[in-house]
Amino acid sequence: MDSAFCIGVLITSGILYALYKRHLRISLRDVPGPKPESFWLGNLRQVFHSLVGEIDTQWQEQYGGVVRIKGSFGDDRLWVADPKALQHIFQTSGYNYPKQPERRALTRLVADEGLVFADGDAHKRQRRAMLPAFGQNEAKSLVPIFNRNAAAITQKWTDILSETPSHAVAINVASDLSSATLDAIGEAGFDYKFGCMENQDNELVAGYQKVMTLGATPPSPGRILFSEISHYIPMWLSNVFYDNFPSAGLDYLRRNRDLSHKIARDLIASQTETVASGKSTSKDVMSILIRANKSLDGKNRLTDDELISQMRTILLAGHETTATTMNWALLELSNNPAVQTRLRSEVYSMKTSLQARGCGEFSASDLDTMPYLSAVIKEVLRMYPVSFHNHRQSARDDILPLSKPMTLKSGLVVHEIPVPKGTKVLLSITGYNRNKDVWGEDAHVFNPERWLTEDATKRASNVGVYSNLLTFSGGLRGCIGWRFALYELQSFLVELITNFEFTPAMDTNRLFKVPCLVMTPALDGDLSKGAQMPLRVTLTSR
Ligand code: HEM
């Protein structure tokens, strides 16, 4: 039989099955929402192609915190930014809103079957095994590594500036931030030296720097449709597709996978040997994980393949997320000189007290006692949640509670919405982080001050793992590395703000928040050169 015929039969069966399932479901038709753009893609082109946050703001302003949107072939689904509904999905309902299978198949390609991929009992077991490596003390002990890797940027930029007569230069900070944070996660995560600041041509390094951006550009309409149809295809068949289908993008991801498997295998073998010899005292995440794993009984222990998966998972989830957040932080500091100056003076005053104590560098406790630094970081995380959407589906019929009553199209006012089994839900992290009911009328304004008043903590609901922000998600699947990320952000910002002043190098309206796997900054939306954050950098007068 010819392959075009088989694919045709597969697609037709997928569509018929989807229509049949839909026919049997409770309806969400009465929930207000936008008109679909087409029968084939519903509102999905808007979801995947609009600049990050744009469509979320529009829908939230027009319809409120829960909106009915359309998927392919008229499928009803929910867009959610309502605090109570999110709290229910992320926290109260446990594992009843698993990830969508078609998205898990793609996750498997970029991060294997590790923690981001796993669901239900497999997730519970993996998470339990990994938690000892991600505690507060473990994160604190990594601060010297973050300081050292941040200082590598200072060294490089100081060298560039000393050779520039004007002592001011426009730098694409995205590139060095990506390299230095990859080096940092190499050391802090695996006691491994990528050496990325010295050599950006290394194939693995180049690969990782682009997995989140070039490897995961906004999907074409064809790719969206394929993903929608593959929802109805068994996971094993999707895996065969992703493992074999000839395509430049997939080839790129597969090559990256092979290379990182090789490195991970060697690294884990040598760390396992050190742990077995009883000599391991390393504080990197993988060494702690291997030590903790050794003490678990057989059925709870992670296998070698699962350890390899976790290494790729940590690289995927922990690298570009932090680097990209840092880009947006520096942009906001450039655009808000008063905030930059105030932050620098807090850093200088802490530095002076460190010197008085005879200390050379910032410790975790120093970083923890800088209120303005904390306020700036929280505000950046609120405005720029780099992982901006979370795609789930209901595993059974459910009732979604609302924090505000909703008027249905029929005129009926409701306080909760029935959610049929199998409904896809788009959890809008960016929508919640700018929800005016939570953050006030100035929700769209960058204002670190809001975190210094008591009101901010009172007003916010209890949704996410950190400061009631949803940036690190929440509940059982909340970001396991959030403490790691916070210390890294603190350490890098302190180092850079101590040594450099930042101003915009060009009209910053030309910088777009492109919806790749992370919210990637790109000039005029052009991703061909990867992430771009051109800032004018000068040495501080200190
Ligand atoms: C600013 C930086 C970061 C942000 C904004 C962020 C955000 C997130 C979000 C939104 C999720 C939920 C994703 C989902 O459910 O699909 C997540 C999960 C995860 N993050 Fe982070 N993350 C950051 C840094 C890190 C770091 C530094 C690490 C590791 C060192 C890390 C490791 C993970 C892992 C392993 C998961 C999966 C957790 C699970 O499913 O149980 N993240 N992160």
Colleague: Report yes if some heavy atom in the side chain of R382 is under 4.5 Å from a heavy atom in the side chain of W451; otherwise report no.
Modeller: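 With C-beta onward as the side chain, the pair touches.
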Colleague: With no hydrogens and no angle check, just 3.5 Å: does a side-chain donor-acceptor pair link S287 and D284?
Modeller: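 Side-chain D/A pair, S287 to D284: present.
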Colleague: Within the supplied structure, the quantity of interest is the number of heavy atoms (other residues, nucleotides, ligands) at a distance under 6.0 Å from K124 NZ; does it exceed 12?
Modeller: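 No, not enclosed.
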Colleague: Please say whether the positively charged group of R392, taken as NZ for Lys or CZ for Arg, lies over the ring of Y97, i.e. under 6.0 angstrom from the six-membered ring centre and within 45 degrees of the axis.
Modeller: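 No.
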Colleague: Could you work out, with side chain to side chain contact (heavy atoms under 4.5 Å, CB included) as the rule, every residue matching D305, not counting sequence neighbours?
Modeller: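 Listed in chain order: T303, I308.
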Colleague: I'd like to know if the side chain of D56 pairs up with that of S428 as donor and acceptor (distance under 3.5 Å, no hydrogens or angles considered).
Modeller: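 On atom types as modelled, these side chains qualify, holding a pair under 3.5 Å.
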Colleague: Judged by atom type as modelled, is there a donor-acceptor pair below 3.5 Å linking the side chain of S394 to the main-chain atoms of V419?
Modeller: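 Pair absent, no side-chain N/O of S394 close to backbone of V419.
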Colleague: Would you say the side-chain atoms of D82 pair up with the backbone N or O of V66, donor to acceptor, closer than 3.5 Å?
Modeller: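 It does not hold such a pair.
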Colleague: Are K424 and E102 close enough, and set up right, to give a salt bridge (Lys or Arg N to Asp or Glu O under 4.0 Å), and what steps lead you there?
Modeller: CA-CA 12 Å; K424 291 186 182 179; E102 62 275 27; 2.6 Å; yes
Colleague: Please report the closest heavy-atom contact between A174 and N327, naming both atoms and the distance.
Modeller: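 Of all heavy-atom pairs spanning A174 and N327, the closest is CA-OD1, 3.2 Å.
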Colleague: May I ask you to decide if F190's main-chain N or O and Q271's side chain share a donor-acceptor pair within less than 3.5 Å?
Modeller: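 Checking the backbone N and O of F190 against the side chain of Q271, a donor-acceptor pair under 3.5 Å is found.
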Colleague: Return yes when atom CD of Q136 has more than 12 non-hydrogen atoms of other residues, nucleotides or ligands closer than 6.0 Å, and no otherwise.
Modeller: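 It does: Q136 CD has more than 12 such atoms within range.
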Colleague: Flag the pair K404 and D437 as a salt bridge only when some basic side-chain nitrogen lies within less than 4.0 angstrom of an acidic carboxylate oxygen.
Modeller: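 Judged by the 4.0 Å cut-off on N to carboxylate O distance, K404 and D437 do form a salt bridge.
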Colleague: Is the backbone N or O of Q393 less than 3.5 Å from a side-chain atom of R77, with the two atoms forming a donor-acceptor pair by type?
Modeller: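 Answer holds: no.
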Colleague: Show, in sequence, the C-alpha distance, side-chain angles and deciding distance for L496 and L177, and conclude whether the side-chain contact (heavy atoms from CB on, under 4.5 Å) test is met.
Modeller: CA-CA 11 Å; L496 297 179; L177 284 174; 4.1 Å; yes
Colleague: Hey, does the side chain of N336 reach the backbone of A338 with a donor-acceptor pair shorter than 3.5 angstrom?
Modeller: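 Looks like no, no N/O pair under 3.5 Å.
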Colleague: Side-chain contact test, heavy atoms from C-beta onward, threshold under 4.5 Å: evaluate it for M533 versus L511 and give yes or no.
Modeller: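 Touching, per the 4.5 Å side-chain cut-off.
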Colleague: When you compare the side chain of N256 with that of R312, does any pair of heavy atoms fall below 4.5 Å?
Modeller: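 Contact flag for R312/N256 side chains = yes.
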Colleague: Which atoms form the tightest heavy-atom contact between A317 and V116, and what is the distance?
Modeller: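 It is CB-CG2, 4.5 Å.
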Colleague: Any donor-acceptor pair under 3.5 Å linking the side-chain atoms of S491 with those of N147?
Modeller: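 Result is yes, a qualifying pair exists.
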Colleague: Among H261, Q310, R257, which one satisfies side chain to side chain donor-acceptor pair (under 3.5 Å) with D112?
Modeller: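 Exactly one candidate clears the test, H261.
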Colleague: Where is the tightest heavy-atom contact between Y466 and L381, given as atom of each residue plus distance?
Modeller: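 Result for this residue pair: CE2-CD1, 3.9 Å.
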Colleague: Centroid-to-centroid, F484 to F146, below 6.0 Å?
Modeller: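 Under 6.0 Å, so yes.
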Colleague: Got a sec: does the NZ of K283 have more than 12 other heavy atoms crowding it under 6.0 Å?
Modeller: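 Open: at most 12 neighbouring heavy atoms sit under 6.0 Å from NZ of K283.
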Colleague: Pairing donors with acceptors under 3.5 angstrom, does anything connect the side chains of S178 and E320?
Modeller: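 There is such a pair between these side chains.
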Colleague: Go through the steps to decide whether R254 and D243 satisfy the test salt bridge (Lys or Arg N to Asp or Glu O under 4.0 Å), and finish with yes or no.
Modeller: CA-CA 7 Å; R254 288 188 288 249; D243 287 346; over 6 Å; no
Colleague: Is there a donor-acceptor pair closer than 3.5 Å between any side-chain N or O of R434 and the backbone N or O of M383?
Modeller: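 Side chain of R434 to backbone of M383: a pair is present.
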Colleague: Using every non-hydrogen atom in the two residues, find where S473 and N390 come nearest and quote the distance to one decimal.
Modeller: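 The answer is OG-ND2, 3.9 Å.
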Colleague: Rounded to the nearest 0.5 Å, what separation is found between the OG atom of S365 and the NZ atom of K140?
Modeller: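 Result: 5.0 Å between the selected atoms.
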Colleague: Can you tell me if D191 uses its side chain to pair, donor with acceptor, with the backbone of E187 under 3.5 Å?
Modeller: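 Between the backbone of E187 and the side chain of D191 there is no qualifying donor-acceptor contact (under 3.5 Å).
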Colleague: Identify the heavy atoms of A485 and T322 that sit nearest to each other, and give their distance.
Modeller: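 Reported closest heavy-atom pair: O-CG2, 4.2 Å.
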Colleague: Checking the side chain of S309 only, and the main-chain atoms of L307 only, is there a donor and an acceptor separated by less than 3.5 Å?
Modeller: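 Looks like no, no N/O pair under 3.5 Å.
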Colleague: Side chains of Y384 and E379: donor-acceptor distance under 3.5 Å anywhere?
Modeller: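 No, no side-chain donor-acceptor contact under 3.5 Å.
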Colleague: Any sub-3.5 Å donor-acceptor pair from Y487's side-chain atoms to L142's backbone N or O?
Modeller: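 Pair absent, no side-chain N/O of Y487 close to backbone of L142.
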Colleague: Any heavy-atom pair between the side chains of N447 and E449 that's under 4.5 Å?
Modeller: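 Yes, at least one pair of side-chain atoms sits under 4.5 Å.
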Colleague: For the atom pair CD (E488) and OG1 (T325), what is the distance rounded to the nearest 0.5 Å?
Modeller: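 Rounded to the nearest 0.5 Å, the CD-OG1 separation comes to 9.5 Å.
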Colleague: I need the I314 CD1 to L115 CG distance, nearest 0.5 Å.
Modeller: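 Output value for this atom pair is 8.5 Å.
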Colleague: Hey, mind stepping through T430 and N433 against side-chain hydrogen bond (donor to acceptor under 3.5 Å, both in side chains) and telling me if it holds?
Modeller: CA-CA 5 Å; T430 176; N433 276 7; over 6 Å; no
Colleague: Quick one: do the E495 and T154 side chains pair a donor with an acceptor below 3.5 Å?
Modeller: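 Result is yes, a qualifying pair exists.
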Colleague: Does the side chain of N172 pick up a donor-acceptor pair with the side chain of S175 at under 3.5 Å?
Modeller: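 N172 vs S175: no donor-acceptor pair found between side chains.
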Colleague: May I ask you to test the R125-L302 pair for a side-chain heavy-atom distance under 4.5 Å?
Modeller: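 With C-beta onward as the side chain, the pair touches.
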Colleague: Less than 4.5 Å apart, any side-chain heavy atom of T321 and any of F472?
Modeller: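 Contact flag for T321/F472 side chains = no.
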Colleague: Which heavy-atom pair separates T181 from A323 by the least distance, and what is that distance?
Modeller: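 The answer is OG1-CB, 3.3 Å.
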Colleague: How far apart are the C-alpha atoms of I89 and L427, what are their side-chain angles, what is the distance that settles it, and do they pass the side-chain contact (heavy atoms from CB on, under 4.5 Å) test?
Modeller: CA-CA 9 Å; I89 293 171; L427 310 178; 3.7 Å; yes
Colleague: Side chains of Q126 and H123: does their closest heavy-atom pair fall under 4.5 Å?
Modeller: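 Of all side-chain heavy-atom pairs linking H123 with Q126, none is under 4.5 Å.
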Colleague: So does G65 get a backbone contact from the side chain of Q60, meaning a donor-acceptor N/O pair under 3.5 Å?
Modeller: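 No: the side chain of Q60 does not pair with the backbone of G65.
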Colleague: How far does OH of Y95 sit from CG of L476, to the nearest 0.5 angstrom?
Modeller: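 These two atoms lie 5.0 Å from each other.
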Colleague: Tell me, please, whether W439 has R450 positioned over its six-membered ring: NZ or CZ under 6.0 Å from the ring centre and within 45 degrees of its axis?
Modeller: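 Because its charged atom misses either the 6.0 Å distance or the 45° angle limit, R450 does not stack over W439.
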Colleague: In chain order, what residues pass the ring pair (Phe, Tyr, Trp, His ring centres under 6.0 Å) check against H391, with sequence neighbours excluded?
Modeller: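 Partners of H391 by the ring pair (Phe, Tyr, Trp, His ring centres under 6.0 Å) criterion, ordered by chain and then number, come out as F48.
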Colleague: L333 and side-chain contact (heavy atoms from CB on, under 4.5 Å): which single residue from Q340, E501, R344 fits?
Modeller: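 When Q340, E501, R344 are each tested with L333, the side-chain contact (heavy atoms from CB on, under 4.5 Å) holds only for Q340.
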Colleague: Looking at CG of L343 and CG of L493, how far apart are the two atoms once the value is rounded to the nearest 0.5 Å?
Modeller: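 Going from CG on L343 over to CG on L493, the span is 7.0 Å.
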Colleague: With salt bridge (Lys or Arg N to Asp or Glu O under 4.0 Å) as the test, would you mind laying out the steps for K262 and D258 before giving the verdict?
Modeller: CA-CA 6 Å; K262 187 184 167 323; D258 295 344; over 6 Å; no
Colleague: Taking atom CG of L109 and atom CZ of F117, what is their separation to the nearest 0.5 Å?
Modeller: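 Going from CG on L109 over to CZ on F117, the span is 11.5 Å.
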Colleague: Answer yes or no: is there a side-chain heavy-atom contact under 4.5 Å between L426 and V80?
Modeller: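 Counting from C-beta outward, L426 and V80 never come under 4.5 Å.
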Colleague: Between V463 and K84, does the side-chain contact (heavy atoms from CB on, under 4.5 Å) criterion hold? Intermediate values first, please.
Modeller: CA-CA 8 Å; V463 176; K84 207 162 166 186; over 6 Å; no
Colleague: So, is the end of the R342 side chain (NZ or CZ) under 6.0 Å from the ring centre of Y372 and within 45° of the ring's axis?
Modeller: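 The answer is yes; both the distance and angle limits are met.
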